[in-house]
Colleague: 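My questions will all concern the structure given below.
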Amino acid sequence: MKKRSNLFTQKIAALTALLIAAVACSSSDTSLKDAFAEDFLIGTAMNEPQVHGTDPEAQPFIIKQFNSLTAENAMKWERIHPDPNRYHFALADSIVAFGQQNDMFIVGHCLIWHSQTPDWVFQDSLGNPLTREALLERMKDHILTVAGHYKGKVKGWDVVNEAVDEDGSLRKSKWLSIIGEDYIQKAFEYAYEADPEAELYYNDYNNELPQKLAGVEALVKNLQQKGVKIDGVGIQGHWHLDSPDLKVLDESITAYASLGMKVMITEMEVNVLPTPPEVYGADISQQAAYLEKLNPYPGGLPDSVQKQLTKRYADLFGVLLKHRNTVTRVTFWGVHDGYSWKNDWPIIGRTNYPLLFDRSYQPKPAYFALIREAKRQK
Ligand code: G3I
């Protein structure tokens, strides 16, 4: 009797091992870009260790899973144009070359932003504020040089990033105070001049929420009335387990589509850590103090939260798939959890789990939920 029961246990163990092998095999056979090939592009943000091969696993992994690429930081003004007479293209060039070699849709991020722009941009050689004309000249030089350098290679530009405040008014940036409201129009015109074939986007966070949505709708209409080319709106998608509401996202995509805009989710992740609601969004000038209770999962994500994350990703993608005729791309802001900026914002030194792959490049349950969701909606 004992012998038979041992045999039975062995058989169960063998079957379980087979099942695990089959699941592992099927995970290595699937990819996000294939699963959503008929729906939208799937992108990731790329950074220095990945493109320079310091992390040897990164490149094959990116090639397998993604068909669109955004430089996480390399094209920001402070990096690509650090001094008045010096452009530094090397890192961004490597990222673009990698994307081209692998047939990826390359996104330029970003031309005009209030953040990560050196102070000298807004000052003359004596440190006095520039005039409107001088700043427009500087903006034009920057956009023609950078977008011109990548002409035909970068297929879509975040021309203006985060220019609208939470209440829907224009952000009180130096661009606005020195040039005036038409700085946005000018940026789009210069980008068009640099590369008439590239898609041109306005990109922001929280712009699916009603007040900010109204501000971005007004911005888009204003450009359209003036005959300025704008192709799409990027909703960054720095989301949480409990916000935004799916209905809000659904309605915002409908609203942008009704203006003829393509919509892309440009910097997606789902934060799982406790975060004060006043720092929902992505304003990197905001910071909060570290407290141990605000970093509850340093040793691993509990199953209960993993389940919430899985459901949340499936629900969000349910909305995006419903709008597959409007949504042209979903870009994740980081390749795996270890690369996410959410480990250090708004509180430095936490352990977050906001992406689809863990720190060892292993797919999380949310990944499989999305693969299933893609199949279910075919
Ligand atoms: O590479 C340097 C390193 O050499 C230095 O030792 C270290 C010390 O501070 O800084 C490192 O650079 C940091 C860089 O990330 C790479 O990790 C910068 O300080 C830090 O400011 C930078 O943060 C980036 C942030 O934008 C500001 O540019 C994040 O990686 C990036 O994910 C984040 O992305 C933004 C989008 O562009 C726009 N939307 C919001 C989103 C999140 O803030």
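Order of listing sets the numbers, starting from 1, for every ligand and every atom in it. Atom set for the values below is all heavy atoms of this structure, side chains included, hydrogens, waters and symmetry mates excluded. Treat the numbers as computed from the prediction; the structure is a model and nothing was measured.
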Colleague: Less than 6.0 angstrom from the centroid, inside 45 degrees of the normal: does Arg350 satisfy that with respect to the ring of Tyr297?
Modeller: no
Colleague: Looking only at distances, can you tell me whether any N or O atom of Gln236, backbone or side chain, sits closer than 3.5 Å to an N or O atom of ligand 1?
Modeller: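 N/O-N/O distance below 3.5 Å exists for this pair.
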Colleague: Nearest heavy atom to atom 23 (O) of ligand 1 wins, so pick from Asn73, Asp158, Asp344.
Modeller: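 Considering heavy atoms of Asn73, Asp158, Asp344, the nearest to atom 23 (O) of ligand 1 sits in Asn73.
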Colleague: For Lys247, is there an ion pair with Glu251 - N to carboxylate O distance below 4.0 angstrom?
Modeller: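 Salt bridge present between Glu251 and Lys247.
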Colleague: Which protein heavy atom lies closest to atom 14 (C) of ligand 1, and at what distance to 0.1 Å?
Modeller: Arg79 NH2, 3.6 Å
Colleague: Stepwise, does the side-chain hydrogen bond (donor to acceptor under 3.5 Å, both in side chains) test hold for Asn203 with Thr266?
Modeller: CA-CA 8 Å; Asn203 191 50; Thr266 55; 2.8 Å; yes
Colleague: Do protein heavy atoms approach atom 26 (O) of ligand 1 to less than 4.0 Å?
Modeller: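 Within 4.0 Å of atom 26 (O) of ligand 1, protein heavy atoms are found.
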Colleague: Is Lys342 close enough to touch ligand 1? Criterion: a residue heavy atom under 4.0 Å from a ligand atom.
Modeller: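 It does not; every heavy atom stays at 4.0 Å or beyond.
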Colleague: Measuring to protein heavy atoms, does anything land under 4.0 Å from atom 36 (C) of ligand 1?
Modeller: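 Protein heavy atom within 4.0 Å of atom 36 (C) of ligand 1: present.
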Colleague: Which part of Asn161 is near ligand 1, with near meaning a heavy atom under 4.0 Å away: side chain, backbone, both or neither?
Modeller: side chain
Colleague: For ligand 1, which atoms sit closer than 4.0 Å to a heavy atom of Ile284?
Modeller: 27 (C), 43 (O)
Colleague: Evaluate the 4.0 Å heavy atom contact test for atom 19 (O) of ligand 1: does a protein atom fall under the cut-off?
Modeller: no
Colleague: Might you check, step by step, whether the distance between atom 4 (O) of ligand 1 and some protein heavy atom is under 4.0 Å?
Modeller: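 No; the ligand atom in question lacks any protein heavy-atom contact below 4.0 Å.
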Colleague: Is there a donor in the side chain of Trp341 and an acceptor in the side chain of Glu267, or the other way round, less than 3.5 Å apart?
Modeller: no
Colleague: Evaluate ring-ring contact (aromatic ring centres under 6.0 Å, His included) for Tyr339 paired with Trp333, printing each intermediate quantity in order.
Modeller: CA-CA 9 Å; Tyr339 281 114; Trp333 208 235; over 10 Å; no
Colleague: Compute whether any side-chain donor of one residue and acceptor of the other, for Gln236 and Glu162, lie under 3.5 angstrom apart.
Modeller: yes
Colleague: Say whether, by atom type as modelled, one donor and one acceptor occur between the side chain of Asp55 and the main chain of Gln50 under 3.5 angstrom.
Modeller: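 Such a contact is absent between Asp55 side chain and Gln50 backbone.
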Colleague: Kindly indicate whether atom 42 (C) of ligand 1 is approached by any protein heavy atom to under 4.0 angstrom.
Modeller: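 At least one protein heavy atom is under 4.0 Å away.
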Colleague: Please indicate whether any nitrogen or oxygen in Gln116 is less than 3.5 Å from any nitrogen or oxygen in ligand 1.
Modeller: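 N/O-N/O distance below 3.5 Å exists for this pair.
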Colleague: Under 4.0 Å from ligand 1, counting heavy atoms only, is it the side chain of Trp333, its backbone, both or neither?
Modeller: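 The part of Trp333 near ligand 1 is the side chain, not the backbone.
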Colleague: Got a protein heavy atom sitting under 4.0 Å from atom 8 (C) of ligand 1?
Modeller: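 It does not: no protein heavy atom is found less than 4.0 Å away from atom 8 (C) of ligand 1.
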Colleague: Taking atom types as modelled and ignoring hydrogens, do the side chains of Asn206 and Glu166 form a donor-acceptor contact shorter than 3.5 angstrom?
Modeller: yes
Colleague: Are Glu162 and ligand 1 in contact, using a heavy-atom cut-off of under 4.0 Å?
Modeller: yes
Colleague: Answer with side chain, backbone, both or neither: which part of Glu48 has a heavy atom less than 4.0 angstrom from an atom of ligand 1?
Modeller: neither
Colleague: Please classify the Trp113 to ligand 1 contact at 4.0 Å (heavy-atom distances, strictly less than): side chain, backbone, both or neither.
Modeller: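 Side chain only.
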Colleague: Less than 4.0 Å from atom 32 (O) of ligand 1, is there any heavy atom belonging to the protein?
Modeller: yes
Colleague: Inspect the surroundings of NZ in Lys153 and state if more than 12 heavy atoms from other residues, nucleotides or ligands are less than 6.0 Å away.
Modeller: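 No, not enclosed.
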Colleague: Before you tell me yes or no, could you show the steps for Phe36 and Phe317 under ring-ring contact (aromatic ring centres under 6.0 Å, His included), namely the whole-Å CA-CA distance, both residues' side-chain angles and the distance that decides it to 0.1 Å?
Modeller: CA-CA 11 Å; Phe36 294 100; Phe317 264 70; 5.2 Å; yes
Colleague: Distance under 6.0 Å and angle within 45° of the ring axis: does Lys212 meet both against Tyr205?
Modeller: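 Flagged: Lys212 positioned over aromatic ring of Tyr205.
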